[in-house]
Amino acid sequence: MKKVYIVIICALFAFIPTYIAIASFFSTQAQPVKQDTVDKLEIIAPNGIYSEITRNNDTAGFIEFAVEMNETAQKILALPDPLLDDPYFSFTYHSYGKSSEYKYYFTSHSPDAYFVDSTGLPYHITKESAEKFLKSKYAHCIFDYSSAPIMTVNTSVIAPNRSDWEFKGYNGEYTDALSITGSNDMLETYGMPTINFDIEPDTISVKIYENGNTLYDGYYSELSNEDFSGHVADAHVIATWYDSADRDYRGEIEYKFPITFKKSPVFFISSSSAITGDLITVSVLNSENLSAINLVSEPSLGVDPIFYNDGDYARALIPVSSALIPGTYKLTADYNGQSTTEFSIEISGKYTANYPYNVEDSVFASQYTEANINSYQSLFKSFFNDLSETKLFDGKFTSGLPSGTFESADYGDLLTISANDIPFENPGVYYSCTKVSNVSAVNAGKVIYTGSDALAGNIVAIDHGLGLVSVYKHLGSISVKAGDSVLKGDLIGVSGRTGFMSKKSAHITVARVELYADMIPVDIDPLIENGLEVTK
């Protein structure tokens with residue numbers, strides 16, 4: 001029996017290390033993290049930079065320092081109020097499979113340093129610990145200019161090949177910034193590249209070389225005088241920021257990247273003046289990608305210009321809407337952020353007249369309804385779906401009606417419906433005919449719609465390309481069908497009295513001819529007289 005007790009006692013002693021380990025594990029789970037139990041530390045800085053420290057890569061002993069910083073801190077009642085909404089450093093300690101997140105609040109002033117442990121208790125960090133942290137690489141984001149400048153070429157961010165950047169850190173001492181390098185893909189530039197930095201350098205030197213031959217070696221400021229169109233080369237850029245007493249940074253950064261030089265796009269505008277109802281043409285030579293063309297106006301012209309290919313050019317037709325306020329409009333055009341060109345257009349108003357639009361009360365009541373208005377608006381919008389991206393028209397336009405036909409109302413004239421005093425702006429030319437007259441296509445194009453509408457009567461719509469559409473309303477009959485190709489002057493129908501009509505003598509027929517660019521009505525008269533003015 002005595003031997004049995006001895007065996008049991010020996011067995012208990014054999015398990016003592018296991019019991020101690022188990023007790024240590026549960027004690028660790030319940031206590032703040034300790035240096036000898038932490039196997040990994042994850043840090044997320046306020047700017048989002050992530051760092052991971054393990055026992056294997058902690059050559060600087062940062063885990064030991066972080067735990068010591070916690071242990072020497074003094075517990076306080078609450079964080080200072082100004083810190084409550086401030087960004088913080090997140091330290092996540094991993095110990096025995098447990099993760100504990102601590103939140104640290106540091107500023108460049110070492111006495112103002114605090115943390116909140118995983119249980120929510122606040123502590124004030126000692127000045128000595130705060131100073132040590134502020135001198136570490138993990139505290140860089142606290143200081144201005146701690147990130148090396150970013151260089152963009154045109155709109156692309158270029159990674160440096162070498163970065164010697166220093167900023168003033170704790171106590172104004174120069175500190176090496178984290179060095180970030182990388183490789184760069186082939187860059188395409190139209191004309192000379194535009195180089196920008198978020199912190200302007202004192203000097204930018206550039207070397208352009210191709211197959212070992214130097215094409216340029218000098219300062220960036222003089223590069224604009226060169227032309228390397230057609231060359232596929234390599235660029236070497238060195239930017240320098242000098243040491244200066246009034247700065248908190250200095251350094252030199254080197255970049256290398258391949259670059260293809262293409263011809264610089266050239267912008268043209270058809271006119272520097274216009275009246276409402278005109279079409280302004282913006283043309284671009286040497287454009288390979290229509291989506292790279294940008295055109296903005298101040299004040300806004302109320303349109304988002306669409307560019308189409310037209311031989312060697314890309315063109316956009318810009319309607320000068322009657323809704324625009326007369327004045328000077330400044331246009332800025334660029335190609336993929338390069339080749340920027342500025343234009344000015346002086347816009348003036350067009351003289352218009354006021355006419356009554358006499359309608360029978362019964363006609364007004366039965367036809368001028370919200371349902372009919374909405375129906376036509378929906379139909380009208382459909383005319384501009386899937387338009388031809390090539391120019392179908394050529395030369396001067398025609399009126400669409402025989403010479404001598406009476407124009408009851410011109411583009412832009414204000415017509416007032418007498419039945420209810422409702423004014424509307426005439427979007428085209430309203431022709432009155434003493435006899436049934438042929439209506440012809442104002443220029444070559446493709447018929448995209450034929451049909452009937454309660455307000456517009458019998459309609460024909462023709463796509464002329466480049467976003468230009470003509471619409472013919474109130475026709476007596478239609479001679480074409482959707483899908484037909486027509487030439488300028490081809491018969492499309494005859495004048496009539498269909499749709500929402502004003503009171504006229506029984507022998508009077510009408511036709512309304514309207515021309516639209518980007519769904520905005522334009523005056524056809526200048527196109528009849530001069531055709532579309534473009535750069536050739």
Side-chain angles (χ1 to χ4, degrees), residues 16-144 146-147 167-173 175 178:
I16 285 176
T18 302
Y19 297 146
I20 293 174
I22 293 173
S24 176
F25 171 80
F26 284 107
S27 174
T28 299
Q29 299 291 301
Q31 298 295 325
V33 291
K34 296 184 180 297
Q35 191 276 133
D36 58 349
T37 64
V38 176
D39 51 36
K40 183 172 73 173
L41 171 59
E42 293 177 288
I43 300 175
I44 301 177
N47 62 355
I49 296 295
Y50 171 83
S51 303
E52 181 179 298
I53 308 170
T54 65
R55 286 290 180 184
N56 295 331
N57 66 15
D58 189 15
T59 56
F62 192 84
I63 292 178
E64 181 178 356
F65 157 70
V67 175
E68 181 181 345
M69 177 169 60
N70 298 345
E71 293 174 346
T72 57
Q74 181 180 2
K75 187 183 294 185
I76 57 177
L77 295 177
L79 286 178
D81 289 341
L83 294 180
L84 295 179
D85 296 322
D86 279 5
Y88 57 84
F89 289 81
S90 170
F91 282 31
T92 301
Y93 298 90
H94 296 268
S95 176
Y96 283 116
K98 175 188 175 184
S99 298
S100 301
E101 183 189 13
Y102 284 42
K103 298 177 181 179
Y104 295 82
Y105 299 84
F106 292 99
T107 69
S108 57
H109 187 229
S110 57
D112 298 329
Y114 303 85
F115 76 85
V116 175
D117 69 12
S118 58
T119 66
L121 293 176
Y123 293 81
H124 183 209
I125 299 172
T126 66
K127 182 176 182 292
E128 293 72 23
S129 294
E131 287 178 346
K132 187 172 182 179
F133 176 77
L134 291 174
K135 293 177 182 179
S136 74
K137 64 181 181 180
Y138 306 107
H140 282 186
C141 67
I142 292 176
F143 302 96
D144 294 335
S146 59
S147 296
F167 65 96
K168 288 184 179 178
Y170 184 66
N171 278 346
E173 298 176 359
T175 304
L178 296 176

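Atoms considered below: every heavy atom in the structure, side chains included; atoms not considered: hydrogens, waters and symmetry mates.
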Quick check: Phe91 with Tyr102 (ring centres under 6.0 Å apart)?
no

Which pair of heavy atoms, one from [X] and one from [Y], lies closest together, and at what distance?
{"X": "Pro111", "Y": "His124", "value": "O-NE2, 2.8 Å"}
{"X": "Leu79", "Y": "Tyr114", "value": "CD2-CB, 3.6 Å"}
{"X": "Ile125", "Y": "Ser129", "value": "CG2-CB, 3.7 Å"}
{"X": "Phe106", "Y": "Ala130", "value": "CE2-CA, 4.3 Å"}
{"X": "Thr92", "Y": "Ser99", "value": "CG2-CB, 4.1 Å"}

Which is it for Asp117 and Thr119 under the side-chain hydrogen bond (donor to acceptor under 3.5 Å, both in side chains) test, yes or no, and what are the steps along the way?
CA-CA 5 Å; Asp117 69 12; Thr119 66; 2.7 Å; yes

Quick one: does any side-chain atom of Ser146 pair with a main-chain N or O of Phe143 as donor and acceptor, under 3.5 Å?
yes

Donor-acceptor list for residues 40-48 side chains, cut-off 3.5 Å, not counting sequence neighbours:
residue : atom : partner : partner atom : Å
Glu42   : OE1  : His94   : NE2          : 2.7
Glu42   : OE2  : Tyr50   : OH           : 2.5
Asn47   : OD1  : Ile49   : N            : 3.2

Supply the atom-to-atom distance [X] [atom1] to [Y] [atom2], rounded to the nearest 0.5 angstrom.
{"X": "Tyr88", "Y": "Glu101", "atom1": "OH", "atom2": "CD", "answer": "5.5 Å"}
{"X": "Asn57", "Y": "Ile63", "atom1": "CG", "atom2": "CD1", "answer": "7.5 Å"}
{"X": "Glu68", "Y": "Asn70", "atom1": "CD", "atom2": "CG", "answer": "10.0 Å"}
{"X": "Asp86", "Y": "Tyr105", "atom1": "CG", "atom2": "OH", "answer": "8.0 Å"}
{"X": "Leu83", "Y": "Asp112", "atom1": "CG", "atom2": "CG", "answer": "7.5 Å"}
{"X": "Tyr93", "Y": "Ile53", "atom1": "OH", "atom2": "CD1", "answer": "9.0 Å"}

Side-chain atoms of residues 135-142: list all donor-acceptor pairs with protein atoms under 3.5 Å, sequence neighbours left out, distances to 0.1 Å.
residue : atom : partner : partner atom : Å
Ser136  : OG   : Phe133  : O            : 2.6
Ser136  : OG   : Tyr138  : N            : 3.4

Checking side chain to side chain contact (heavy atoms under 4.5 Å, CB included) for the pair Phe115/Met69: CA distance, chi angles, key distance, verdict?
CA-CA 10 Å; Phe115 76 85; Met69 177 169 60; 5.6 Å; no

Salt bridge (Lys or Arg N to Asp or Glu O under 4.0 Å) involving Glu131 - partner list, sequence neighbours excluded
Lys127

State, without any angle test, whether Ser110 and Tyr170 hold a side-chain donor-acceptor pair at a distance under 3.5 Å.
yes

